[in-house]
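Values below: all heavy atoms of this structure, side chains included; hydrogens, waters and symmetry mates excluded.
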Amino acid sequence: MSWDVIMIRTKTNNEAIDEIKSENIILFKQTEIACEIKKISARLGAVYNCDNLSWQNLDCNSWSIEFNVGEDAETESVMLLIRGGEPKEVFAMLEADLHTRLIDCSTGEFISPDKPTSFERWKVYRDKIVNGQ
């Protein structure tokens with residue numbers, strides 16, 4: 001069970017979610033994501049696996065992220081499947097290094113460093129499911 005986040009970037013990175021148009025999206029390259037994951041891994045002492053460019057992984061003691069990049073060499077968005085804790089430091093690096101925005105799939109809102117995400121609510125839900133409650 002994962003908490004899901006979508007990574008996307010546009011020419012301005014200022015549009016509201018419902019105003020994003022395909023012609024304004026800047027594509028991600030599979031290799032670009034792999035390079036970024038390797039950089040983040042080195043900075044945080046995390047473990048990465050980018051052998052399969054369509055499903056790349058970044059893991060540390062407190063969280064794990066699968067990057068569903070897709071089969072094509074370029075894509076409009078990347079799905080992050082997050083397990084364990086909330087990787088806020090990774091979010092900050094992705095936003096800064098790739099000039100990207102992150103969408104919290106539980107709320108449909110952009111993740112902002114100065115506002116809480118839905119992670120804690122999701123974690124309570126996850127714990128109930130895992131514990132059979």
Count I, L, V, M, F, W, Y as connected when their side-chain heavy atoms are under 4.5 Å apart, and connections chain through other members. Are [X] and [Y] then in the same cluster?
{"X": "Met79", "Y": "Met1", "value": "no"}
{"X": "Met93", "Y": "Phe119", "value": "yes"}
{"X": "Val47", "Y": "Trp55", "value": "no"}
{"X": "Ile82", "Y": "Leu44", "value": "yes"}

Taking atom [atom1] of [X] and atom [atom2] of [Y], what is their separation to the nearest 0.5 Å?
{"X": "Ser118", "Y": "Glu86", "atom1": "OG", "atom2": "CD", "answer": "8.0 Å"}
{"X": "Glu19", "Y": "Asn24", "atom1": "CD", "atom2": "CG", "answer": "10.5 Å"}
{"X": "Leu98", "Y": "Ile33", "atom1": "CG", "atom2": "CD1", "answer": "5.5 Å"}
{"X": "Asn68", "Y": "Ser54", "atom1": "CG", "atom2": "OG", "answer": "7.5 Å"}
{"X": "Thr75", "Y": "Met7", "atom1": "OG1", "atom2": "CE", "answer": "9.5 Å"}
{"X": "Ile37", "Y": "Leu94", "atom1": "CD1", "atom2": "CG", "answer": "8.0 Å"}

With a 6.0 Å cut-off (strictly less than), is the heavy-atom count around [atom1] of [X], excluding the residue itself, greater than 12?
{"X": "Asn61", "atom1": "CG", "answer": "no"}
{"X": "Glu23", "atom1": "CD", "answer": "yes"}
{"X": "Tyr48", "atom1": "OH", "answer": "no"}

Could you check whether Ser2 and Glu66, counting side-chain N and O atoms only, form a donor-acceptor pair closer than 3.5 Å?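 There is no such pair (donor and acceptor under 3.5 Å, judged by atom type) between the side chains of Glu66 and Ser2.
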
Side chain to side chain contact (heavy atoms under 4.5 Å, CB included) assessment of Arg121 paired with Thr107: CA-CA 11 Å; Arg121 281 193 329 264; Thr107 64; 3.6 Å; yes

For [X] and [Y], which heavy atoms make the closest approach, and how far apart are they?
{"X": "Val69", "Y": "Gln30", "answer": "CG1-CG, 3.6 Å"}
{"X": "Ile6", "Y": "Ser77", "answer": "CG2-CB, 3.8 Å"}
{"X": "Trp63", "Y": "Glu89", "answer": "NE1-OE2, 3.0 Å"}
{"X": "Ile65", "Y": "Pro87", "answer": "CD1-CG, 3.7 Å"}
{"X": "Ile8", "Y": "Thr100", "answer": "O-OG1, 2.8 Å"}
{"X": "Phe110", "Y": "Ala16", "answer": "CE1-C, 4.2 Å"}

Check whether any side-chain N or O of [X] sits under 3.5 Å from a backbone N or O of [Y] as a donor-acceptor pair, and report yes or no.
{"X": "Asp72", "Y": "Glu74", "result": "no"}
{"X": "Arg126", "Y": "Arg83", "result": "no"}
{"X": "Gln56", "Y": "Phe67", "result": "no"}

Would Ser41 and Leu58 count as a side chain to side chain contact (heavy atoms under 4.5 Å, CB included) if you check the C-alpha gap in whole Å, the side-chain angles of each, and the deciding distance to 0.1 Å? CA-CA 7 Å; Ser41 173; Leu58 182 63; 3.8 Å; yes

Within residues 3-12 or reaching into it, pairs that qualify as salt bridge (Lys or Arg N to Asp or Glu O under 4.0 Å) - sequence neighbours excluded: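 For residues 3-12: Arg9-Glu32.
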
Using a strict 4.0 Å threshold on nitrogen-to-oxygen distance, state whether Arg43 and Asp97 make a salt bridge.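 Between Asp97 and Arg43 there is a salt bridge, with a charged N closer than 4.0 Å to a carboxylate O.
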
Plane angle bin for Trp122 and Trp3 - parallel if under 30°, tilted between 30 and 60°, otherwise perpendicular: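 Aromatic pair Trp3/Trp122 classed tilted.
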
